[in-house]
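Both ligands and their constituent atoms are indexed starting at 1 by order of listing.
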Amino acid sequence: MSDRVIIFDTTLRDGEQSPGATMDLSEKIRIARQLEMLGVDVIEAGFPAASEGDFEAVKAIAQSVENAQVAGLARANFKDIDRAWEAVKHARHPRIHTFIATSPIHMEYKLRKTPDEVVELAVAAVKRAASYTPNVEFSAEDASRSDRDFLVRIVTAAIDAGASTINIPDTVGFAQPDEFGALIRYIIENVPNSDKAVFSVHCHDDLGLAVANSLSAVKNGARQAELCLSGIGERAGNASLEEFVMALKLRPEYYGVECSIVTEQIYPSCHLLSLIIGRPIPANKAIIGSNAFAHESGIHQDGMLKNRNTYEIMTPQAVGRKSTDIVIGKHSGRNAVRTRLEELGYSLDTDQVNAVFAAMKELADKKARIHDEDLEALVFSEVYRMRIPDRFRLSNICVQTTMGSTMPTTAAVVMQDHDEEVRLAGFGVGPIDAAFNVISQICGTSAELEKFSVNAITGGTDAQGEVSVHLRDGKYSATGRGSDLDIIVASAKAYVDALNRLEHKEKDVISYKQNPVD
Ligand code: KIV
Ligand code: ZN
């Protein structure tokens, strides 16, 4: 048996069935290109008979993908199969994937067919597909709730009819890992022509077991897994590609198989998907969530600083992420705070670190996350005993935008620069752009906006918006924050806050670092 697992990505087909994850043609092509960079073996591009849009998307992907196989899904009828072939035939490596349900409940209530009729339809469908290409996959839908010996019968017939891949789906996420692994082993051992096909699995996550079931199947002889980026898919989703792949990569001694995935492309792929479907990656999502490489507990932070293998089983870089995040918060220890202060350029003695540490703990009771700027402010208040007044203050802002007109948006801003009041009005391509243009002119800055993000602090349409703005001016950068019921006012506040922090860094911080005051 081969020691290579074929990675079949179905983000563009089953993944797209995830409520709210619809993608347009150009977005699907972007994902398909990224999947190629990720190194997947097969891209299931869609279900051509489902709609004209799906057909066009599968065809366009087939035309633009170079190395990966491109599969089109088809029910077990000639019309679907012909349509799937019309779409995938443009690919360098086309595949037709045909399926029919095999569980008693699906056969009786959904298909209204007897088991004999289902076998007949499956065989006819596979033969029709095989008349177009030798690359035919047959799926026994709801296999995990099907009779084992009926599965053996239909799979044997499908292979005889020309199927080169046999897929055993856990369509409703009902299987348990040991049981599912045993089912795969049973089918492979009892299908007389099983050596003529690759056995595949396709697991749904209704009980959160999709990855565990897929891995158990690999342990028992499956050599293709059907997966989705970030685990999106019908209902609770499909097995997540990143989790499945990293388990194989991190535990070769356990699984003894390889796969073609370029792991450094995992995060970029999931991130692209998240931007396209407009669904943020949950913070606690394995491998790709923002917390996956963040350490907050003092004991963990201390261990990490001594040897990262204490609390990390892979590096963030291995999955295409920037770096480990030592989160400073109420669980952080002294060592983590000292290290972060050193990274920020402060070399403080033990008493000074202790003072900042104690103040940080107090602040952390009020604020979930302590940012670098907060720590720096504590250095000034606790060590240098100075409060640096902000140079710029926003007094008023008024933004006007006219819908459907070619008139640019206008912003009028009143600010204090030290004690002097300054008023200015100007234009922009939208309200935020107009506000930032005017503020930057008042403050005479050429700082570049590197990041801008908006979060709702509370729910509902009356939610407070919290805006975070990251600016860079040469080698200095600073993050400013602002909150308000009005997003534009929150943005303006955050922008002014960032400018003040830059101002402190560029002037005062440097001189304090050179001549610290005790
Ligand atoms: O979940 C399922 O059974 C499917 C098949 C079409 C493979 O998506
Ligand atoms: Zn599915």
Side-chain angles (χ1 to χ4, degrees), residues 6-19 21 40-51 54 58 69-77 80-81 83-84 87-88 95-107 109-111 118 121-122 125-126 129 135-147 150-151 154-155 158 163-175 180 183-184 187 197-211 213-214 217 222-241 244:
I6 296 168
I7 303 296
F8 177 114
D9 181 277
T10 183
T11 306
L12 294 171
R13 198 279 293 169
D14 211 321
E16 213 216 2
Q17 288 172 217
S18 166
V40 307
D41 299 288
V42 187
I43 296 173
E44 185 163 54
F47 188 172
S51 70
D54 247 50
V58 177
Q69 298 177 41
V70 178
L73 186 69
R75 283 164 296 191
N77 66 59
D80 270 30
I81 290 167
R83 195 83 178 131
V88 296
R95 174 183 289 200
I96 300 175
H97 176 192
T98 185
F99 73 99
I100 193 161
T102 52
S103 62
I105 185 166
H106 277 233
M107 290 192 289
Y109 294 99
K110 187 181 84 176
L111 299 177
V118 167
L121 285 170
V126 171
N135 193 352
V136 177
E137 171 169 338
F138 170 72
S139 283
E141 191 191 8
D142 205 16
S144 55
R145 293 193 300 169
S146 304
D147 177 76
F150 180 60
L151 282 177
I154 198 165
V155 165
S164 49
T165 301
I166 295 294
N167 185 38
I168 307 294
D170 180 23
T171 302
V172 289
F174 179 71
F180 193 60
L183 175 68
I184 301 303
I187 296 170
V198 171
F199 281 78
S200 165
V201 286
H202 173 114
C203 298
H204 279 270
D205 211 28
D206 300 68
L207 289 175
L209 292 171
V211 171
N213 285 338
S214 307
R223 287 297 176 265
Q224 173 177 289
E226 303 197 352
L227 310 159
C228 286
L229 294 176
S230 308
I232 67 166
E234 184 79 34
R235 302 184 311 282
N238 286 71
S240 113
L241 182 143
F244 176 86

Without hydrogens or angle criteria, can the side chains of [X] and [Y] be said to hold a donor-acceptor pair below 3.5 Å?
X    : Y    : answer
T171 : H204 : no
E137 : T165 : no
N167 : E226 : yes
Q69  : N135 : yes

Where does ligand 1 get N/O contacts under 3.5 Å from the protein, atom by atom?
unit_1   : atom_1 : unit_2 : atom_2 : d
ligand 1 : 1 (O)  : H202   : NE2    : 3.2
ligand 1 : 1 (O)  : H204   : NE2    : 3.1
ligand 1 : 3 (O)  : T171   : OG1    : 2.6
ligand 1 : 8 (O)  : R13    : NH1    : 3.4
ligand 1 : 8 (O)  : R13    : NH2    : 3.0
ligand 1 : 8 (O)  : D14    : OD2    : 3.0
ligand 1 : 8 (O)  : H202   : NE2    : 3.1

Rounded distance (nearest 0.5 Å) linking atom CD1 of I154 with atom CG of D147: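 The CG atom of D147 is 11.5 Å from CD1 of I154, to the nearest 0.5 Å.
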Intermediate values then yes/no, salt bridge (charged side-chain N to carboxylate O under 4.0 Å, His left out), R75 and E141: CA-CA 10 Å; R75 283 164 296 191; E141 191 191 8; over 6 Å; no
Nearest heavy-atom neighbours spanning T98 and A76: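 Shortest heavy-atom separation between T98 and A76 comes out as OG1-CA, 3.5 Å.
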A71 to V42 - nearest heavy-atom pair and separation: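 Scanning both residues completely, I find the closest heavy atoms to be CB-CG1, 4.1 Å.
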S103 vs S146, side chain to side chain donor-acceptor pair (under 3.5 Å): CA-CA, chis, key distance, verdict: CA-CA 4 Å; S103 62; S146 304; 4.8 Å; no
Protein N/O/S atoms closer than 2.8 Å to the Zn ion (ligand 2):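 You should have found D14 OD2, H202 NE2, H204 NE2.
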